[in-house]
Structures are given as C-alpha cells and as structure tokens.
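Below: one structure, written as structure tokens.
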Amino acid sequence: MNGFYWIYLVMFAFLIAWDFAKNQEQRRLIYYGACFFLILIFVAQDFSVSIDIAEYMRQWAVIPTLTLPEMLTHKFEIGYVLLCWVLERVFASDRVLLLVLSVMIMVPFCRSFEKETENPMIALMAFLALGMYMHAIIFWRQLVAMAILTFSYRFLRERRFWPFLLTVLAAMTFHKVSVVFLGLYIVYRIPINKWLLLACGVCSVVLGIFGKPIIEFGIAVIYPQYTNFPRLSIGGGTLLALLWVVTLLAYWLLHDRLNEDRVRLPFLMILIAATIQPICFAFYNWLRVVLFFRIALVPMSAQLYAALFQRKEGNRALALLERFTPRLYSAVLSVYDTRWFQIAAQIIMFAVLFVWYVSELEEAVYIMAPIV
C-alpha cells in the first residue's frame, strides 16, 4: 500500500480540477487525463505487487513455448494465453503486456462511467476508493473480463440475447467466471420492490448459515478433484455490510428512478452481490464471483452522490432533515449549491470509502513501486 496513498491524493487533485472546470470539454479532458494517469501507474508498477502477478509473469515466459493443444489446455483462459503469445512474439519488452492490459481494463470502464453516470469523475474516484483499481493491477484476467462485460449492458437493456451472449463468451475467454453474468439477463425485468429485498435478505441469511455444506456439495458434484483443496473462510463482513447499506440507501433515495436504465442495472448487480456474498464466509474464493457484481458499487456511488448532494428536487435526505431538524435543514440549504459544499461532501464520501477499503484488506500486504 506504500504507493496507494499518493495515487489517491493525485486523483483527488483531478477531482477538484473537475469541480472547477468551466465547461464540459475541459471536464472531459480532465477525466481522461485521470484515466491516462491510472494507466501510466498500471504500466509502471513493480512486479512484486502480489504472487498473482509473479505467476502471470512466469507464464509470460512459458506461454510462447506452448503448442496450440497445450495453449487450449492451459490453466489460464485461451483469450489471455493468445494475447501473451502474440505480444511476446511482436515486442521485446514485457511492459507491453501491462500497457495492453491497462488499456483493455481502464478504457472500457471509463467509457462505461461516462455512459452510466452523470458524474463520471465521481465514479472514477469510487473505482479507486472501493479497491477496484487495486484489483485491476493484480487480477488482470478477471478485470479484463469485467471490462468486456461493460459492452453487454446495452444488449441486456435492449433484450438482444445473442449479442449479449457473444459479449459474455468474449469475456469468458479471459475469465470463465464471467458466465455468472448470464443470470442478469433473466433477473433484469424482475420488479424491484420491498418483497424482493426481503426475499434477498432471507437468502443472504440462509447462505450465511448453510454456505459451507452448499459449497461442499457443489464441489463434490461439480469439481470432485478439489474435494481436498483447502477452502479459506476469512473476512468479508465489512463488504457484506457495505453492500446492504448501499442497497437499502439506493432503494430509499432512488426509489422513484429504479426503472431508469442507469439506476436499475447497478442496483440489481449490487443486490445480487449482497445476496450471494455470505458464501464467502465458508469459501473465500467466492469473492471472485461477487466481484463481477460488486463493480456496480462504482456507478452507484456516483448516483448516490448526485441524489444526496446535487439534486434538491425529490431529495429524500433533505426532506427528512426538513421534517425533523428544520434548523439543520436551513443551514444545509443555504450552502447546498456552493462549490465548497460539494467538495467537502466529496472529501467525506471518499474518505469513508477509503477507510472502509483499507480495513477490508485485513493485513494483506501489497507493494506498489510506480518508479521502475
């Protein structure tokens, strides 16, 4: 984490510059400047960040020696294997792999944040504060797959199954867990109401209590070769709390907008993550599945920020203040539209998210050395 703090501060500088920008063209330039900065850090990272990267780089040396049948049976998915095979033959430096991966991850996500939110800079900051950028520089295949899936949102909403399926299959060539995204096509049109939340809450409790026997049964039936594989059961409590807090807060603040495309999809993704996450208490590797839906916390953070601090009309938080604390309501309303109130709200919001993420690391050690 020794490089993460100053990266966070630099991104805050981009965020403040965005707030003071005079027009949309300047904001777009600042936004993609921040995206380029994150790509640069990705490319310049030290390979000692994690054992995952050490294995990726070991396979970088191995993959070019493989035959096609060996590549098809490699432990990594064929899309990633072919990417390494091509890049190693065309370029001498292994830094090219980092450059290509960073572009494949960051550009689709940045494009998605522009389309899915009214304030993409807030979303990009949430991408950093919620730990998704740290995941990006460590779990390459999974984040590339998740970035590819952002192109499926349009097909999901338009109910175009075959393009949606092809996008999911493309993502699966980098991480096979992408198949879980197919479930969204089924649940996307389910009515969102209090009964759905109650049912998901009950399922979450049941999975928390019976997660271990469910995992044991699934492995015995589907992957018997992993029967004796150690199944860690560490952490995840604060993540579960965050997922449910965001779910309930979004349901309260954005209740009238849950049928809008920009709100409905991230809400359902977070609700799915909150429902299935308790299995992580029995099987920590389940977080790989949760991560595919947890990414929706990023655009939802931007939606909640707007609902709390950028819209007076229909603002349920302000209505609550007006009802129970009129004096505080008057004080807030007098500064609500000021730029400094917005900046203070951003600082508080991202400080809270950053503290949550650091606590979620639970003694994990990550080393970042941006200067190579």
Side-chain angles (χ1 to χ4, degrees), residues 1-19 31 34-35 37-38 41-42 105-106 109-110 112-113 116-139 143 146 235-254 262-263 266-267 269-271 273-274 277 280 287 290-311 317 340-364 366 368:
M1 294 287 298
N2 62 315
F4 193 67
Y5 299 107
W6 74 262
I7 294 173
Y8 201 71
L9 292 175
V10 171
M11 287 296 292
F12 249 122
F14 277 109
L15 180 59
I16 293 174
W18 162 282
D19 289 327
Y31 176 68
C35 178
F37 169 72
L38 293 179
I41 296 301
F42 190 115
I105 293 171
M106 292 306 306
F109 275 127
C110 289
S112 172
F113 299 155
E116 300 293 322
T117 70
E118 298 168 12
N119 194 325
M121 196 65 217
I122 291 289
L124 191 60
M125 273 297 297
F127 187 79
L128 184 70
L130 289 164
M132 300 309 301
Y133 180 68
M134 183 67 82
H135 284 298
I137 64 175
I138 295 175
F139 307 123
L143 267 294
M146 291 164 63
T238 57
L239 173 59
L240 180 61
L242 178 68
L243 289 168
W244 275 111
V245 166
V246 171
T247 297
L248 296 175
L249 188 61
Y251 185 77
W252 177 53
L253 290 174
L254 304 171
R262 282 182 168 183
V263 178
F267 181 86
M269 290 174 67
I270 295 169
L271 182 59
Q277 195 275 341
C280 298
L287 281 174
V290 175
L291 192 62
F292 277 88
F293 302 105
R294 172 182 168 181
I295 184 64
L297 287 171
V298 173
M300 185 56 77
S301 296
Q303 298 287 3
L304 290 177
Y305 170 79
L308 282 169
F309 304 114
Q310 288 188 315
R311 295 192 189 97
W340 293 108
F341 178 78
Q342 304 287 326
I343 293 174
Q346 293 167 8
I347 291 173
I348 293 172
M349 175 181 176
F350 290 114
V352 170
L353 291 180
F354 184 69
V355 169
W356 167 81
Y357 175 62
V358 172
S359 69
E360 182 70 11
L361 290 178
E362 295 191 347
E363 300 181 0
Y366 297 97
M368 293 186 64

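The basis for the numbers below is simple: all heavy atoms, side chains too, and nothing from hydrogens, waters or symmetry mates.
Annotation: side chain of Leu38 is in contact with side chain of Met11 (closest heavy-atom distance under 4.5 Å). Contact of the Met146 side chain with the Met132 side chain is registered, since non-hydrogen atoms from C-beta on lie closer than 4.5 Å. Put simply, the side chain of His135 does not reach to within 4.5 Å of the side chain of Ile295, judged on heavy atoms.
For the pair Val290 and Ala273, the tightest heavy-atom approach, listed with the atom from each and the gap, is CG1-CB, 4.1 Å. Scanning both residues, Leu124 and Cys110, for their nearest heavy atoms gives CD1-SG, 3.9 Å. Between Ala250 and Leu304, the shortest heavy-atom distance links the atoms CA-CD2, 3.7 Å. When all heavy atoms of Ala307 and Leu254 are compared, the closest pair comes out as CB-CD2, 3.7 Å. Annotation for Ala296 and Pro266: closest pair CB-O, 3.5 Å, computed over non-hydrogen atoms.
Checked against side-chain contact (heavy atoms from CB on, under 4.5 Å), Pro120 has the following partners two or more places apart in sequence or in another chain: Trp18, Tyr31, Phe113, Glu114, Thr117. Checked against side chain to side chain donor-acceptor pair (under 3.5 Å), Gln303 has no partners two or more places apart in sequence or in another chain. Under the side chain to side chain donor-acceptor pair (under 3.5 Å) criterion, Tyr305 pairs with Gln342, Gln346, not counting sequence neighbours. Partners of Ala126 under the side-chain contact (heavy atoms from CB on, under 4.5 Å) rule, at least two apart in sequence or in another chain, are Leu130, Val298, Ser301, Phe350. With sequence neighbours left out, Phe12 forms a ring pair (Phe, Tyr, Trp, His ring centres under 6.0 Å) with Tyr8. Under the rule for a side-chain contact (heavy atoms from CB on, under 4.5 Å), Val245 has no partner lying at least two apart in sequence or in another chain. Residues that satisfy the side-chain contact (heavy atoms from CB on, under 4.5 Å) test with Thr247, not counting sequence neighbours, are Leu197, Trp244, Phe267, Ile270, Leu271, Ala274.
With rounding to the nearest 0.5 Å, the separation of CE in Met300 from CE in Met269 is 10.0 Å. In this structure, the separation between CZ on Arg294 and CG on Leu239 is 5.0 Å, given to the nearest 0.5 Å. Ile137 CD1 to Ile7 CD1: the interatomic distance, rounded to the nearest 0.5 Å, is 6.5 Å. Interatomic distance, CD of Gln277 versus CZ of Phe293, reported as 13.5 Å (0.5 Å rounding). Atom-to-atom distance recorded for Ile122:CD1 and Phe309:CZ is 9.5 Å, nearest 0.5 angstrom. The line from CG of Leu249 to CG of Leu242 is 10.5 Å long, rounded to the nearest 0.5 Å.
Using the six-membered ring where Trp is involved, Trp6 and Phe37 have ring planes that are perpendicular, over 60° apart on the 30 and 60° scheme.
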Quick one: do Leu297 and Leu243 satisfy side-chain contact (heavy atoms from CB on, under 4.5 Å)? Show the steps, please.
CA-CA 8 Å; Leu297 287 171; Leu243 289 168; 3.9 Å; yes

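Between the Tyr133 side chain and the Phe42 main chain, a donor and an acceptor come within less than 3.5 Å of each other.
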